Amino acid sequence: MVGRSRLQKEVLQLYRKFLFAAKGKPGFEQTIKQEFRQHALISRSDTLRIEFMLRKGYKKLEMLKDPNITGMGHFIDKN
Amino acid sequence: MDSITSKAVVLSRQYMQLRNLATVAAAKPAAAPRIKKFAVYRWNPDVSGDKPHLQTYEVDLNTCGPMVLDALIKIKSEIDPTLTFRRSCREGICGSCAMNIGGCNSLACISKIDTNLDKPVKIHPLPHMYVVKDLVPDMSNFYAQYKSIQPWLQRKDESKMGQKQYLQSVEDRQKLDGLYECILCACCSTSCPSYWWNSDKYLGPAVLMQAYRWMIDSRDEATKDRLDRLRDPFSVFRCHTIMNCTKACPKGLNPGKAIAEIKKLLTGFTQKEEPKLNPVG
């Protein structure tokens, strides 16, 4: 996509920061990619929701950077 | 004797039955319902395309408690369970239910519902705060600012911390009255237009009042460091004595005055007095 908007650039920067922070910690990369792909379906015009997601993302990034967080597990719904 | 007492028992029983009939017949007639409208700010980020909007609910004031929080809980339990708001103590001491009611920041649990049925009650979240959902504001910036003033007692020699009480005279303790009662509800900070425009760098009245509370505590010895941390054009000096904070405080405290005292300490106009009683004496 040529000429990404400022908001799109911010989302991509957050994605890169997430992947960098998840290095050396097992199990995070897959969740990060899954969540970003899931929320990529939000329409471009819904800036209110995108900014809300960005703020949530920054808080989760701070949590991820904490050295005490070492891994992540999943509950899978068998049904 | 037996027949007289038995007759007396029968008569008294009949008398009691008549009395009961009378009270049942004289039961109060059902009062006319007093319907009050509540216009509540709603926004759900999980619903795509949702924009913030006002939703109106109707509550019969005869079946509801007197406070706005009672009405909100009644709406949530009986009309719309998706209404989201914070609440805890229901007595005005925890500060969870701080919201904008009829244009003024206050605690919902101690704000009486205006019984004038012609006008709706407008309920919004705290102004100029990011909204998590419906009436729930994002307080993380507020808490980070509170953390930054280091709200704990600091002494030069803390090797014997916890072994003995730090002594404080009665007059020194009276200096803290009106400062320690703050419940960190953020009503004052979110009523300050200066905090609306500079919430990233200006600390806001609530946090500044707590900074002052630790500065003038006679047992605290880090006053110079505390003042030096605030010596920049934004942390304190964005206050222009608008005094919305003192007007909004639900506990009746005076953050505006505390900020003025900080300014006096920062400019050297006043100095912190020596403690009247040596804390380790």
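Letters go in sequence order (proteins before strands), and every chain restarts at 1. Quantities reported herein were computed from a predicted structural model and do not represent experimental measurements.
Residues of residues 50-70 of chain A lying within less than 4.5 angstrom of chain B, judged on heavy atoms, are A:Phe52, A:Arg55, A:Lys59 in numerical order.
The number of heavy-atom neighbours closer than 6.0 Å to CZ of A:Arg37, taken from other residues, nucleotides and ligands shown, is 12 or below. Crowding of B:Arg86 atom CZ: a count of heavy atoms from other residues, nucleotides or ligands under 6.0 Å exceeding 12. For A:Gln30, the CD atom is loosely surrounded, since the number of other residues' heavy atoms within 6.0 Å does not exceed 12. Atom OH of B:Tyr130 has 12 or fewer neighbouring heavy atoms from other residues, nucleotides or ligands inside a 6.0 Å radius. For A:Lys25, the NZ atom sits in a packed shell: over 12 heavy atoms of surrounding residues, nucleotides or ligands are nearer than 6.0 Å. Environment of NZ in B:Lys76: crowded, with over 12 heavy atoms of neighbouring residues, nucleotides or ligands closer than 6.0 Å. Counting heavy atoms of neighbouring residues, nucleotides and ligands inside a 6.0 Å radius, atom CZ of B:Arg155 exceeds 12 of them.
Proximity to chain B (any heavy atom under 4.5 Å) is shown, for A:Leu48, by both the backbone and the side chain.
Atom-to-atom distance recorded for A:Arg49:CZ and B:Asp46:CG is 7.0 Å, nearest 0.5 angstrom.
Residue A:Asp46 comes nearest to B:Lys51 through the heavy atom pair OD1-NZ, 4.1 Å, listed as atom of the first residue, atom of the second, then distance.
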